[in-house]
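Numbered from 1 within each chain, the chains take letters A, B, ... in sequence-line order. Values below: every heavy atom of this structure, side chains too, minus hydrogens, waters and symmetry copies.
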Amino acid sequence: MTQSVVVQVGQCGNQVGCRFWDLALREHAHVNKRGLYDEALSSFFRNVDLRKSDGGDCCVGGRIQHLKARAVLIDMEEGVVNGILQGPLREVFDSTQLLTDVSGSGNNWAVGHLTYGSAYREAIVNKLRKAAEHCDCLQCFFLIHSMGGGTGSGLGTRVLSLLEEEFPDVCRIVTAMYPSAEDDVITSPYNSVLAMRELTEHADCVLPVENQSLVDIVNKISVMSHGAKPGSVLRKDSTVTSGQGSLSPTEKPFDAMNNIVANLLLNITSSARFEGSLNMDLNEIAMNLVPFPRLHYLVPSLTPLYTLADVNIPTRRLDQMFSDAFSKDHQLIRADPKRSLYLACALMVRGNVQVSDLRRNIERLRPSLPFVSWNQEGWKTGLCSVPPVGHSHSLLALANNTCVKPTFMELRDRFTKLYRKKAHLHHYLDVDGMEQSIFSESLSSLSELIDEYHQLDATKARLIPDAPRLSIAR
Amino acid sequence: MSVVTVQLGQCGNQVGQQLFDVISSDAQDGQRKTYSSVSWERFFRQTSQGDFEARAVLVDMEPKVINHSMNRAAKSGRWRYAEASHFSQKQGSGNNWANGYRVLGPRHRDAVEELVRREVEHCDALAGFIPMMSVAGGTGSGVGTFVTQCLRDVYPSSFVLNHLTWPYGTGEVIVQNYNSVLTLAHLYQLSDALLVHENDAVHRICSQQLNLKQISFGDINRVIAHQLAGVLQPALTPDSCGAYSGNPLGELVSALACHPEYKLLSACSIPQMASASIAFSTFSWPALLKHLRQMLIANTKMEEGIDWQVRPPPASASRTSSLTAGGFNASLANLLILRGKDVYSAETGGFEDPAIYTSWLPPAEALSLWKSPVPFDKYEKSATLVSNSQALLRPLDDMVRKAWNMFASRAYIHQYVKFGISEEDFLDSFTSLEQVISSYAQLQC
């Protein structure tokens, strides 16, 4: 069994990370009835016996003594991390996993990436190495950060390139929170574009998440719970709707939105942690969903968001789950995949779902989804038998689709609006090591990326004939 | 003589466990002592406490499936896997053939060879090896190909029959066609014969023949295991003088794989029904054999919905070399295995009809007939047909076409290059398979 390490950077990254650990503990508590430290738990947690003089880790198979998260928490101001350390999750982290400073990055990518990046390089590498050493077989780093701020965006992407340098063989999956157009940080377009270039060059996979989509989903859930049809009941203990049953009794403002992202991470790793009839490991995600190295932006969509309280869910509801995954309402970024081109698509199913259900739904949905000509049946499927807490089954769809192109184009527009006027540029250029060329290079990296998507898009309308086959002399 | 199976990857380990289940249950039920003891000896060895352990080596790059299979075996109460007969790592091959073949296979070569060697030493006489794997993933296909190569190197005079599971056409793994092309091209050089089951065909058997509403991989694997056991369980060959065939692999390969360009074998069996219905059905050999013959020439794997219109083209008609003209499936060679009551009176003339065979071999050579008077897997009468025919031509052609289209755009190639498989390697594999396709398409000429 493999282990993964979560690296959460900045305010947003740490808040999402915090929800993730909460839900992960709850999920394992639900599944692990005997209190034994098993392989599934070891993928995200260490088992530490504090009485041992070397502070040593315990092996798989013994009783749970003290669980510590395989995580590194980084923030350049103390508020969020201190909040975590005073909250119910304080036992799960120890001080060697944290890196904080006091003054923050001032929403400035250059400060995060260059100033703090250089100052804390040693310390960061040491903490990452320590986390990696505790792992028997490290498969993946999950990096969580926002794109619009200074620390998450700047220092987070610096950490990403450090991960590539120090651990080139370990997969890097980044969950990046993209700002909405109405973001209150004026320089968020700068930060986002500067960070995008890093993601394109150094990440194996990126799961972009837009705040606006999360807001829409949360609103939809509360509409459903308040205006519910008679006879339908919102599952109270569902991990998606609330943190109920988890450690923190009060819900903070972004909690509901962060819950959704936390669920995304739980579901992506479910097949690596639990058994199933068709396993899907994390390294298989990059292998199957990334046809060309730079096009690694995967649109996530998650269902169900709620379940009805029926016990034996008839097949029709199961099929509804598949349809929902391909509807715009369940996506975590605002885009229209059905109007664009699918390069590849992965379906990770959890719960009591059989291969025939999977096949039936793929056949049903396939005609309405435009796939690129050379990948007409480009589906990667995984079946994990353990369902998430509070549901009987769930589906996570990851689509490599050209519909991210409009999102990136919008980002580029917001960037150029500011850049043309050189607004706020001096804040960046004043930082030691920052040059104007970095701006222009990041912009052209983004433009090239958009171009690559565009060229694939252009093949959509054309009918591409089969490539002429090799002919054999007879 | 004994057979050592090597179960590779998730599919290989799941199907393998079901295979041993079917064989052990059939051996236990077997009404003749010689049949049972040959069957046990062929696939199992007995420990000093009298438990039966499978002659199997389990290989996977991650541990979950092997653990699951070993637990399920132990629960059967009839047999189990030996404690030390498995090899696993912590992290899978990532669906990457190149990773399996160039990196993980060589890295773990010694450990796997050691396990195989120990298993072989337990055999009084070794019939050969059956590596079991899927072609779509990374371990079964990549590591499996490498392990087959090792078997060839270390045991050059033993038979190697690979059992392959082909994935659903509509995708289980996006790079499945690349992995399949690379695997098949390499195995063609290494293996004596390739016995193939396609998930699509078996799925249809489950849904239309067995009327299962919800089909799981367990159901699919059970059907595959039943058909494979029907081939491998003891049977009397014409010249074995009343003793069960010594080397089933050798007999099968010499019956069917007579030419190095023609190694693709497919199986079909009759009857196939839900186990609950068996007790209420009666079977007659004429009906069973008539249906089986039509299943062969119409290239369908089940009795439901047979197309009786398909006939061998008349001898005078010019034979075109299009892929299966008119839906007729030409055979190069067939192996018909009859099991159960009244086998000696079964009339098999339909399978000796020269019209269903290509013209190179006289029908008497093209058809091999094995019989066993012992009922198999609870069926009073049952027949299994293993054929070297055009049955796999269309699926193979589809696989190559899709892989070629993807290759034309160079999608995913960087993932393979990263582990040491170049574009040249791909081109070589494509060339080999086009050759195979061309050979099979010409079977009607």
Side-chain angles (χ1 to χ4, degrees), chain A residues 1-3 39 136-139 171 271-272 274-293 315 343-346 352-359 362-363 366 372-383 456 459 464 466-472 474, chain B residues 10-11 14 61-65 67-68 89-96 99 137-138 168-177 199-200 203 206-207 212-220 400-402 404-415 427 430-431 433-435 437-439 442:
Chain A
M1 191 74 61
T2 55
Q3 289 84 39
E39 293 277 8
D136 223 350
C137 177
L138 176 60
Q139 183 170 58
C171 192
S271 192
F274 302 115
E275 59 171 27
S277 62
L278 192 55
N279 295 331
M280 176 139 91
D281 227 351
L282 292 166
N283 51 9
E284 295 174 17
I285 295 181
M287 174 66 184
N288 283 284
L289 292 176
V290 182
F292 303 104
T315 318
L343 302 179
C345 187
N352 185 17
V353 181
Q354 301 304 345
V355 66
S356 55
D357 300 316
L358 200 50
R359 301 247 65 84
I362 290 180
E363 270 166 44
R366 173 71 191 81
V372 72
S373 66
W374 40 259
N375 204 2
Q376 285 290 304
E377 280 107 6
W379 297 92
K380 166 68 181 159
T381 55
L383 291 170
L456 284 166
T459 66
I464 311 280
D466 280 344
R469 299 270 289 273
L470 295 174
S471 52
I472 305 293
R474 237 327 183 167
Chain B
Q10 174 165 23
C11 176
Q14 284 176 186
M61 290 300 111
E62 55 106 357
K64 294 195 295 285
V65 181
N67 289 343
H68 189 74
Q89 289 292 283
K90 309 239 188 331
Q91 183 170 215
S93 309
N95 287 165
N96 191 324
N99 190 12
Y168 287 98
T170 54
E172 293 171 30
V173 170
I174 292 178
V175 290
Q176 65 188 41
N177 296 312
N199 271 352
D200 278 310
H203 188 104
C206 287
S207 74
L212 295 174
K213 290 286 171 284
Q214 263 213 324
I215 300 169
S216 65
F217 271 116
D219 299 317
I220 304 239
V400 173
R401 176 177 53 84
K402 290 181 205 167
W404 185 245
N405 278 334
M406 196 180 266
F407 184 69
S409 67
R410 296 295 185 274
Y412 299 101
I413 297 298
H414 69 284
Q415 309 269 19
L427 284 170
F430 278 113
T431 311
L433 290 187
E434 293 286 3
Q435 184 74 57
I437 290 173
S438 168
S439 301
Q442 309 222 344

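The distance from the CG atom of A:Leu282 to the SG atom of A:Cys171 is 7.0 Å, given to the nearest 0.5 Å. Separating the OH atom in B:Tyr168 from the CZ atom in A:Arg359 is a distance of 6.0 Å, to the nearest 0.5 Å.
For A:Phe274, the ring-ring contact (aromatic ring centres under 6.0 Å, His included) partners two or more places apart in sequence, or in a different chain, are A:His28. The salt bridge (charged side-chain N to carboxylate O under 4.0 Å, His left out) search around A:Arg469 returns B:Asp397, B:Glu434, not counting sequence neighbours.
Interface remark: of the candidates A:Leu470, A:Leu289, A:Asn375, A:Leu470 forms the most heavy-atom pairs closer than 4.5 Å to chain B. The most heavy-atom pairs under 4.5 Å with chain B, out of A:Gln139, A:Glu39, A:Gln3, come from A:Gln139. Of all the listed residues (B:Gln176, B:Gln415, B:His414, B:Met406), the one sharing the greatest number of non-hydrogen pairs under 4.5 Å with chain A is B:His414. Of the listed residues (B:Glu62, B:Arg401, B:His68), the greatest number of heavy-atom pairs within a distance under 4.5 Å of chain A belongs to B:Arg401. Between chain A and the residues B:Asn96, B:Asn177, B:Leu427, the largest count of heavy-atom pairs under 4.5 Å involves B:Asn96. Between chain B and the residues A:Glu284, A:Glu363, A:Met287, A:Glu275, the largest count of heavy-atom pairs under 4.5 Å involves A:Met287.
Counting all heavy atoms, side chain and backbone alike, A:Asn283 lies closest to B:Ser93 at ND2-C, 4.4 Å. What you find for A:Gly276 and B:Gln10 is that their closest heavy atoms are O-NE2, 3.4 Å. In this structure, B:Val175 and B:Asn95 approach most closely via the heavy-atom pair CG2-O, 3.6 Å. Among all heavy-atom pairs drawn from B:Ile220 and B:Asn199, the shortest one is CG2-OD1, 3.8 Å.
With a 4.5 Å cut-off on non-hydrogen atoms, A:Asp281 touches chain B through its side chain but not through its backbone. Residue contact with chain B, scored on non-hydrogen atoms closer than 4.5 Å, involves the backbone of A:Ser271 exclusively. Using a 4.5 Å cut-off between heavy atoms, B:Glu172 contacts chain A through both its backbone and its side chain. Using a 4.5 Å cut-off between heavy atoms, A:Arg366 does not touch chain B at all. Within the 4.5 angstrom heavy-atom criterion, only backbone atoms of A:Leu343 (N, CA, C, O) approach chain B. Looking at B:Phe430, the atoms closer than 4.5 Å to chain A (heavy atoms on both sides) sit in the backbone and in the side chain alike.
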